[in-house]
Amino acid sequence: MTDCLFCKIAAHDIPADVVFEDDAVIAFNDIAPQAPVHILIIPKAHIASANELDDGHAHIVGRLALRAQALAEERGIAEPGYRLIVNCNRQGGQTVYHLHMHLLGGRQLGGLG
Ligand code: AMP
Ligand code: ZN
């Protein structure tokens, strides 16, 4: 999608602090980190939100989760623990309408707000 911030990051049209990339997934540090580790893991293909997922996306959702697991291991937060978040739409706190998984860790995280 042409007017999507994360599509532009996936296409390297806008710079980001990329920590992983393969054919289908790109991960980069959040610009406003909420924890010592705060990485966004996104599909390269545009999916606006979790509401748009269907059976055809099962594989890419699995790839996002497995990449989050691998990055958590790499950053040393697998054992102490971490949080994976997918915000959906307004009341879920979604601000960028390209599906993304937040990987948060490196400090004690509080209860969900
Ligand atoms: P959400 O509120 O779940 O839609 O999350 C969007 C996230 O994208 C927020 O945590 C923002 O800090 C982050 N963000 C926005 N613009 C950028 C950017 N250019 N590079 C990296 N992260 C960004
Ligand atoms: Zn997009």
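In this chain, residues are counted from 1 in sequence order. Ligands are counted one by one from 1 in listed order, and the atoms in each one are counted from 1 as well.
The atom of His46 nearest to the Zn ion (ligand 2) is ND1, with the search restricted to N, O or S atoms.
Annotation: side chain of Arg107 is not in contact with side chain of Val37 (no heavy-atom distance under 4.5 Å).
His12 and Glu21 share a donor-acceptor pair across their side chains, judged by distance under 3.5 Å alone.
Considering backbone and side-chain N/O of Val96, one or more are found under 3.5 Å from N/O of ligand 1.
No chain of hydrophobic side-chain contacts below 4.5 Å, direct or via other Ile, Leu, Val, Met, Phe, Trp or Tyr residues, connects Tyr97 to Ile9.
When ND1 of His98 and SG of Cys7 are joined through the Zn ion (ligand 2), the resulting angle is 110° to the nearest 10°.
When heavy-atom distances to ligand 1 are checked against a 4.0 Å cut-off, His102 comes that close only through its side chain, counted from C-beta outward.
Separation of atoms CZ (Arg63) and CZ (Arg67) is listed at 8.5 Å; rounding is to 0.5 Å. With rounding to the nearest 0.5 angstrom, the CE atom of Met101 is 10.5 Å from the CD1 atom of Ile85.
Within ligand 1, the atoms closer than 4.0 Å to a non-hydrogen atom of Gln94 are 4 (O), numbered from 1 in the order shown. Atoms of ligand 1 found under 4.0 Å from any heavy atom of Ala32, numbered from 1 in the order shown, are 12 (O).
The protein non-hydrogen atom at the shortest distance from atom 16 (N) of ligand 1 is Leu5 CD2, 3.4 Å. Nearest protein heavy-atom contact of atom 11 (C) of ligand 1 is Asp30 OD1, 3.4 Å. Looking only at heavy atoms of the protein, atom 5 (O) of ligand 1 is closest to His100 NE2, 3.0 Å. Scanning the protein for heavy atoms near atom 20 (N) of ligand 1, the closest one is Ile31 CB, 3.7 Å.
Using modelled atom types, no side-chain atom of His38 and backbone atom of Ala35 make a donor-acceptor pair closer than 3.5 Å.
For Phe6, the closest heavy-atom approach to ligand 1 falls below 4.0 Å. Under a 4.0 angstrom heavy-atom cut-off, Gly93 registers as being in contact with ligand 1.
The closest heavy-atom contact to atom 4 (O) of ligand 1, among the options Thr95, Val86, Ile85, Asn29, comes from Thr95.
Aromatic ring centres of His98 and His100: separated by at least 6.0 Å.
For the pair Ile42 and Leu64, the tightest heavy-atom approach, listed with the atom from each and the gap, is C-CD2, 3.5 Å.
Using a 4.0 Å cut-off between charged side-chain N and carboxylate O, Asp3 and Lys8 make a salt bridge.
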